[in-house]
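Numbers restart at 1 for each chain; the letters A, B, ... are given by sequence-line order, proteins then strands.
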There are 2 protein chains.
Amino acid sequence: MQDRLQPGGENLLFLTDDQLLQGIELLFFAYRGFISDPDRILENYTYGRAHHRAIHFIHRRPGTTVNALLDILGVTKQSLNRVLRQLIDDGLVESKVGVRDRRERHLHLTPAGQALESDLSSTQRKRLRAAYKEAGPDAVHGFRQVLENIMDPSMRQHVKKLVKD
Amino acid sequence: MQDRLQPGGENLLFLTDDQLLQGIELLFFAYRGFISDPDRILENYTYGRAHHRAIHFIHRRPGTTVNALLDILGVTKQSLNRVLRQLIDDGLVESKVGVRDRRERHLHLTPAGQALESDLSSTQRKRLRAAYKEAGPDAVHGFRQVLENIMDPSMRQHVKKLVKD
DNA sequence: AATTTATGTCAGTCTTGTTGACTTTCCAAG
DNA sequence: CTTGGAAAGTCAACAAGACTGACATAAATT
C-alpha cells in the first residue's frame, strides 16, 4: 500500500499539517451535527447523552451485562448506575438476574425503551443514510476504514460486526 | 428495506439499518479515541476540552473575534468567557481591541499558547496521519466527503479550507 | 439622542463525569 | 463449609462545563 505513484507528493499531500488540522475540524463539526438531532429529542425528557448511549448499546447487544457496558462506555459504574437507575425506574430498561451467574444483571430494552431508541436512532440513521448516499459506496468504504484506524485498537472489537447470513 | 435482493443492490447494500448503526458506533468510538490523547495531556493542567477547542480555533484563525468563535463553538458567551478568561489570565491567549471596530476583541495565541496548541495538536495529527496512511488516499477522500455530508450545512463554511499559494 | 451590537460578568442550575467508602450477593477455591 | 474476591448497587461529595437570566459598559449605527 506504499507509494504506487510518483515521487510527487500526490499520495502524501493529504499528510500536511494543514490537511490534518482540517480533518480534525471535519471530525469535530460532523460529530457535533451528528449528536444534535438526538439531543433535541432528549430535551423533551429528563435524559441526556449518557442515557442515549446506554440505550443504544443495550439495543445493539440485548442481554449485555453492566460490566460489559462499562467497558464499552468507558465510564465509572457510579456514573453508569445513575443513568441505568433512571431508565429502569422509568420502565425503559429491564434488568434481569443472570441464570448462570446470579450476580450479573442482563439488560434489555422494554417496548417503551425500544420506542425511544427507535426515535433517537432514526434521526441519526437518516442523516447518515443521506451522507452515505451522496458520497457513494467507495467513499463510505473509505470513511469506515479511516474511522476504524482512528479508534483505539482495543475498541475495535466493540464495533458490532454485521451478521453474515 | 429489502435492498439486498435487488440486482445491482451493491450500491444500496450499505444503507441497511445494521450498516448505519455500525457507522454510528464507528463514529462514537473513533471520536472518543481521537480526543483521548489531548485529554490525557490536559490532565496536567487546570484545563479541559473546552479550552482545547478554543485554543485550536484561535490557532487556526488568528485574530478571530469572540463572536465568531461563539458561532463556531456553538456555546453561550458565558461559557466561552469563563474559558477565555482563564487562558488570557494564564497568558496563553491575547485579546486585542479591534482597530476598525473597537468593540471587538481579536484573539491570538501567545508563544506559550502556541506551545500548548502544538502539544495537543501533535498527538491528534499523529493519530490521524497514521490512520490516513494506512487507509490510503482514496479512503481519505471518502472519509472527508462523508464527514462533510454529515455535518450541518451551515457549519461547512467553518471548516477552514486550505490556502492555495 | 436612541438603539443596537460586542463583550464582560454575576448568580444559580443541570448533566455527567469523577473519587472514596461501604454493602449485598454469590461463585468458586481452599 | 468457609472464605476470598468478583459483580453489582448505593451514598456522598465534588468538579467541569454546559445552560438561563439579569445586568453593565463601551462603541458603533441609525
Side-chain angles (χ1 to χ4, degrees), chain A residues 28 31-32 35-36 38-58 63-90 93-108, chain B residues 28 31-32 35-36 38-58 63-90 93-108:
Chain A
F28 169 70
Y31 193 77
R32 221 192 26 198
I35 55 181
S36 66
D39 277 0
R40 259 188 297 278
I41 293 175
L42 291 164
E43 276 175 14
N44 308 319
Y45 296 76
T46 56
Y47 304 143
R49 277 178 210 171
H51 304 81
H52 181 197
R53 289 195 284 269
I55 288 173
H56 170 93
F57 285 107
I58 294 172
T64 192
T65 64
V66 173
N67 239 11
L69 207 50
L70 283 176
D71 220 43
I72 288 175
L73 295 175
V75 296
T76 58
K77 68 174 176 177
Q78 294 91 328
S79 197
L80 175 59
N81 190 255
R82 179 173 35 199
V83 165
L84 283 180
R85 183 99 318 269
Q86 291 174 266
L87 293 174
I88 292 168
D89 288 349
D90 294 354
V93 168
E94 203 180 4
S95 171
K96 290 180 185 167
V97 173
V99 180
R100 220 200 49 197
D101 185 335
R102 293 169 43 90
R103 287 170 304 180
E104 293 180 338
R105 300 298 134 88
H106 297 272
L107 304 169
H108 297 266
Chain B
F28 170 70
Y31 192 78
R32 220 191 28 197
I35 54 179
S36 66
D39 277 359
R40 260 189 296 279
I41 293 175
L42 290 164
E43 275 174 15
N44 307 319
Y45 296 76
T46 57
Y47 304 143
R49 277 177 209 171
H51 305 79
H52 181 197
R53 289 195 285 268
I55 287 173
H56 170 93
F57 284 107
I58 294 172
T64 192
T65 65
V66 173
N67 242 6
L69 205 50
L70 283 176
D71 219 44
I72 287 175
L73 296 175
V75 296
T76 58
K77 67 175 178 175
Q78 294 91 329
S79 198
L80 176 58
N81 189 254
R82 177 177 38 199
V83 165
L84 281 181
R85 183 84 277 121
Q86 290 174 267
L87 294 174
I88 291 169
D89 288 351
D90 293 356
V93 168
E94 202 181 3
S95 170
K96 289 180 187 167
V97 172
V99 180
R100 219 201 49 197
D101 185 334
R102 293 170 43 90
R103 289 171 305 181
E104 295 179 335
R105 298 298 132 88
H106 297 273
L107 305 169
H108 297 266

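- Among all heavy-atom pairs drawn from A:R105 and A:R102, the shortest one is NH2-O, 3.7 Å.
- We find that CG of A:L80 is positioned 9 Å from P of C:dG17, with the value rounded to whole Å.
- One can place CZ of B:R100 at 17 Å from C1' of D:dA26, the figure rounded to the nearest angstrom.
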Produce the list of close N/O pairs, under 3.5 Å, pairing protein atoms with atoms of nucleotides 3-7 of chain C; give distances to one decimal.
residue: C:dT5; atom: O4'; partner: B:R103; partner atom: NH1; Å: 3.4
residue: C:dT5; atom: O2; partner: B:R103; partner atom: NH1; Å: 3.0
residue: C:dA6; atom: OP2; partner: B:N67; partner atom: ND2; Å: 3.2
residue: C:dT7; atom: OP1; partner: B:V66; partner atom: N; Å: 3.3
residue: C:dT7; atom: OP1; partner: B:R105; partner atom: N; Å: 3.3
residue: C:dT7; atom: OP2; partner: B:N67; partner atom: N; Å: 2.7
residue: C:dT7; atom: OP2; partner: B:N67; partner atom: OD1; Å: 3.4
residue: C:dT7; atom: O4; partner: B:K77; partner atom: NZ; Å: 2.8

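- Looking at residues two or more places apart in sequence or on another chain, you find a side-chain contact (heavy atoms from CB on, under 4.5 Å) between B:R49 and B:I35, B:D39, B:R53.
- If you check residues 41-57 of chain B against DNA chain D, the residues with a heavy atom closer than 4.0 Å are B:G48, B:R49, B:A50, B:H51, B:R53, listed by number.
- Residue B:T76 has a polar side-chain atom (N or O) positioned under 4.0 Å from OP1 or OP2 of D:dC19.
- Nearest heavy atoms, A:V83 versus A:A50: CG2-CB, 3.7 Å.
- Using a 4.0 Å heavy-atom distance criterion, B:R85 is classed as a sugar-phosphate-only contact.
- Not a single donor-acceptor pair, N or O on each side, falls under 3.5 Å between the base of D:dA8 and the side chain of A:R102.
- In this model, no side-chain donor or acceptor of A:Q78 finds a partner on the base of D:dG9 within 3.5 Å.
- Computed from coordinates, the B:R82 CZ to D:dT20 C1' distance equals 13 Å when rounded to whole Å.
- Residue contacts for A:G98: at a heavy-atom cut-off of 4.0 Å it reaches no nucleic acid atom on any strand shown.
- As rounded to whole Å, 14 Å separates atom C1' of C:dT15 from atom CD1 of A:I35.
- For B:F57, the ring-ring contact (aromatic ring centres under 6.0 Å, His included) criterion is met by A:F28, A:F29, not counting sequence neighbours.
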Begin from the C-alpha positions of B:H106 and B:T65 and carry the test side chain to side chain contact (heavy atoms under 4.5 Å, CB included) through to its verdict.
-> CA-CA 5 Å; B:H106 297 273; B:T65 65; 3.7 Å; yes
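- Remark: A:R40 engages A:D37 in a salt bridge (Lys or Arg N to Asp or Glu O under 4.0 Å) (not counting sequence neighbours).
- Evaluation of the salt bridge (Lys or Arg N to Asp or Glu O under 4.0 Å) rule for A:D90 yields no partner, not counting sequence neighbours.
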May I have the step-by-step check of side chain to side chain contact (heavy atoms under 4.5 Å, CB included) for A:E104 and A:N67, ending in yes or no?
-> CA-CA 8 Å; A:E104 293 180 338; A:N67 239 11; over 6 Å; no
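- The two residues A:A54 and A:L73 come nearest to each other via the heavy atoms CA-CD1, 4.5 Å.
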